[in-house]
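Reviewing the structure listed below.
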2 protein chains.
Amino acid sequence: MPELHPLPARLKQVRILKQLTQQKLGELLGLDPSNASARMNQYERGKHTPDFDTLKRIANVLDVPVAYFYCEDELTASILQAAEALSEEQKLALLVSIREMVITEKEK
Amino acid sequence: MPELHPLPARLKQVRILKQLTQQKLGELLGLDPSNASARMNQYERGKHTPDFDTLKRIANVLDVPVAYFYCEDELTASILQAAEALSEEQKLALLVSIREMVITEKEK
DNA sequence: AAGGTATACTAAGGATTTCTTAGTCTGCAA
DNA sequence: TTGCAGACTAAGAAATCCTTAGTATACCTT
């Protein structure tokens, strides 16, 4: 099994949502305009994987956390993205409530 | 700025928590025992970054989601790890409640 | 229909990074 | 002080990514 990387699908989805072309997105990251399209296409088709620095810039431009591109299920990806907007305090409260949910489920 | 990769710190933390040596963890992933220690050390010191397949096997052995290694703050990493134990239904409920939290915060 | 344009996509080689090998270094216990 | 476990590293071999130079596809416009 060659384990499928979640990045290509997530990248495409968010890029389309933000109405950017592969070329334009690449330029916004600061890639050389002469190869921005080629590189972004390679990432989006899963041909190659960006290094962390590039990944971070992609995440910044698309306004999602870096970890978003590594979420293996859709729902977890959405949770992560939504949680980004929370304050530290709210995140802590969230963590506590998730742990309660887990305990509650076990008791069933 | 060379953007710091979150993986080294997270990897070390979970490995220690599970009381594994770099060598032993590498072997559990299926790395060649003759270089398991060297490779795990390189990942943990941030000298090199594992490819997705290796990352996935590390995540499996340590029982955390792959995205955990890409979370840039501690709290978000914990949220992600905790959320793993939830059912699809519970995740959906969680997503809804996060979105409510965001709206509530805005109203202040 | 033909030509133009925008976007997506790709092969191939040079550039860069990782993996393997063969160790050294550090701390601690006998 | 010797031995051992665990952490760590340099350097070359091997693998992967980046750059170049395009082709492919869909959709307009004339």
Side-chain angles (χ1 to χ4, degrees), chain A residues 1-64 66-70 72, chain B residues 1-64 66-70 72:
Chain A
M1 263 208 282
E3 278 304 340
L4 211 64
H5 202 306
L7 182 139
R10 306 245 171 282
L11 179 54
K12 180 168 187 174
Q13 188 178 33
V14 188
R15 178 181 63 79
I16 299 291
L17 194 70
K18 303 262 167 172
Q19 301 190 82
L20 295 169
T21 64
Q22 295 173 343
Q23 175 71 33
K24 180 66 180 169
L25 173 54
E27 286 177 14
L28 288 172
L29 311 182
L31 299 186
D32 188 322
S34 75
N35 61 28
S37 162
R39 284 182 64 181
M40 292 315 302
N41 189 271
Q42 287 161 346
Y43 300 152
E44 200 166 300
R45 308 277 301 177
K47 175 81 184 189
H48 299 308
T49 301
D51 62 24
F52 187 73
D53 218 69
T54 304
L55 192 64
K56 177 73 183 160
R57 295 207 306 278
I58 295 174
N60 287 346
V61 170
L62 294 179
D63 194 34
V64 293
V66 173
Y68 177 85
F69 297 114
Y70 284 83
E72 295 182 279
Chain B
M1 263 209 280
E3 279 304 341
L4 211 63
H5 202 307
L7 183 139
R10 305 246 172 282
L11 179 54
K12 179 168 188 174
Q13 188 178 34
V14 189
R15 177 181 64 78
I16 300 292
L17 193 71
K18 303 262 168 171
Q19 301 190 81
L20 294 169
T21 64
Q22 295 174 342
Q23 174 70 34
K24 179 66 179 168
L25 173 54
E27 287 177 13
L28 288 172
L29 312 184
L31 298 186
D32 188 322
S34 75
N35 61 28
S37 163
R39 282 182 65 182
M40 293 314 303
N41 190 272
Q42 286 161 346
Y43 299 151
E44 202 166 299
R45 308 277 300 178
K47 176 80 183 187
H48 299 308
T49 300
D51 63 23
F52 187 74
D53 218 69
T54 304
L55 192 65
K56 177 70 184 162
R57 296 206 304 279
I58 296 174
N60 287 345
V61 169
L62 295 178
D63 195 34
V64 293
V66 173
Y68 178 85
F69 297 115
Y70 284 82
E72 294 181 278

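Treat the numbers as computed from the prediction; the structure is a model and nothing was measured. Residue numbers start from 1 in every chain, and the chains themselves are labelled A, B, ... in the order their sequence lines are given, proteins ahead of strands.
Atom C1' of nucleotide C:dT21 and atom CG of B:N41 are separated by 15 Å, given to the nearest angstrom. Between B:L29 atom CG and C:dC19 atom P the separation is 12 Å, expressed in whole Å. Rounding to whole angstrom units, CD of residue A:E44 and P of C:dT10 are separated by 11 Å. Rounded to a whole Å, the CD atom of A:E27 is 13 Å from the P atom of C:dA6.
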Q. Can A:D63 and A:K18 be said to form a side chain to side chain contact (heavy atoms under 4.5 Å, CB included), step by step?
A. CA-CA 10 Å; A:D63 194 34; A:K18 303 262 167 172; 3.8 Å; yes
Q: Please test A:R57 against A:L31 for side chain to side chain contact (heavy atoms under 4.5 Å, CB included), starting from the C-alpha separation and ending with a verdict.
A: CA-CA 10 Å; A:R57 295 207 306 278; A:L31 299 186; 4.2 Å; yes
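Using a 4.5 Å heavy-atom cutoff, the side chains of B:F52 and A:L7 are not in contact. In this structure the side chain of A:Q42 never reaches within 4.5 angstrom of the side chain of A:T49, judged on heavy atoms.
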Q. What string of B, S and - do you get for nucleotides 17-27 of chain D, 5' to 3', if B is base contact, S is sugar-phosphate-only contact and - is no contact with any protein heavy atom under 4.0 Å?
A. BBBBB------
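In this structure, A:H5 has its ring center no closer than 6.0 Å to that of A:F69.
Residues from residues 7-22 of chain B with heavy atoms under 4.0 angstrom of DNA chain C: there are none.
A:E44 places no side-chain N or O within 3.5 Å of a backbone atom of A:Q22 that could act as its donor or acceptor partner. In this structure, A:Q23 contributes its side chain and A:P33 its backbone to a donor-acceptor pair below 3.5 Å. Put simply, the side chain of A:D51 gets close to the backbone of A:T54: a donor and an acceptor are under 3.5 Å apart.
Considering all non-hydrogen atoms of both residues, A:E27 and A:A36 come closest at N-CB, 4.0 Å.
A side chain to side chain contact (heavy atoms under 4.5 Å, CB included) with B:L62 holds for exactly one of B:L11, B:L17, B:L29; it is B:L11.
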Give me the distances for all protein-to-nucleotides 26-28 of chain C N/O pairs that come in under 3.5 Å?
none

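Between A:Y70 and B:Y70, the two ring planes are parallel [angle under 30°; tilted spans 30° to 60°].
The phosphate of D:dA7 has neither OP1 nor OP2 within less than 4.0 Å of any side-chain N or O from B:R45.
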